[in-house]
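Some notes on the structure that comes next.
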Amino acid sequence: MLKRFSVSLEDALLDDFDEYIKRRQYTNRSEAIRDLIRQVFIKEEWGTDGEVMGVITLVYDHHQFQIQERITEIQHDLHHLIVSTTHVHMDHHNCLEVLIVRGKAATVRDLADKLIALRGVKNGHLATTSTGKSF
Ligand code: NI
């Protein structure tokens with residue numbers, strides 16, 4: 001059930017917020033505020049020992065010596081954190097690997113760090129989300 005509440009803001013802050021809403025293509029303030037509140041909760045969950053979900057993306061050159069073996073080894077060591085993986089051959093050199101991960105925040109972050117720090121990974125990113133108890 002939706003409940004209404006009113007918020008008081010300084011003119012300048014509200015102007016900035018309305019600009020943000022337009023930039024991010026929200027159709028109204030409420031949806032933008034809901035998303036911002038959820039972001040805060042997700043960030044908080046990632047700071048605790050709770051179970052979270054995330055997506056790790058890796059771009060790497062598969063010609064780099066032993067990179068494929070290292071990536072596979074790390075994923076097998078921590079297989080219990082990995083829900084699914086997708087591998088796309090971007091071009092002759094580059095691969096994009098996407099891992100959907102789930103587990104305790106610190107362990108998921110550790111997996112992402114291990115993979116992203118590998119020599120030959122040109123770009124790596126962990127997108128943090130959550131099952132979200134309250135949404
Ligand atoms: Ni590939």
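Each ligand, and each atom within it, is numbered from 1 in the order the structure gives.
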According to salt bridge (Lys or Arg N to Asp or Glu O under 4.0 Å), does anything in residues 91-102 pair up with another residue at least two apart or in another chain? List the pairs.
E51-R102
Side chains of H62 and H87: closer than 4.5 Å at any heavy-atom pair?
no
Exactly one of V108, I100, I42 clears side-chain contact (heavy atoms from CB on, under 4.5 Å) with M53, and that residue is I100
Check side chain to side chain contact (heavy atoms under 4.5 Å, CB included) between E19 and all other residues, then give those that pass, not counting sequence neighbours.
K22, R23
Sequence neighbours excluded - salt bridge (Lys or Arg N to Asp or Glu O under 4.0 Å) pairs with any residue from residues 112-124
D110-K114
Any protein N, O or S atom under 2.8 Å from the Ni ion (ligand 1)? Found H87 NE2, H89 ND1, C95 SG
Report yes if the side chains of L99 and L115 come closer than 4.5 Å at any heavy-atom pair, otherwise no.
yes
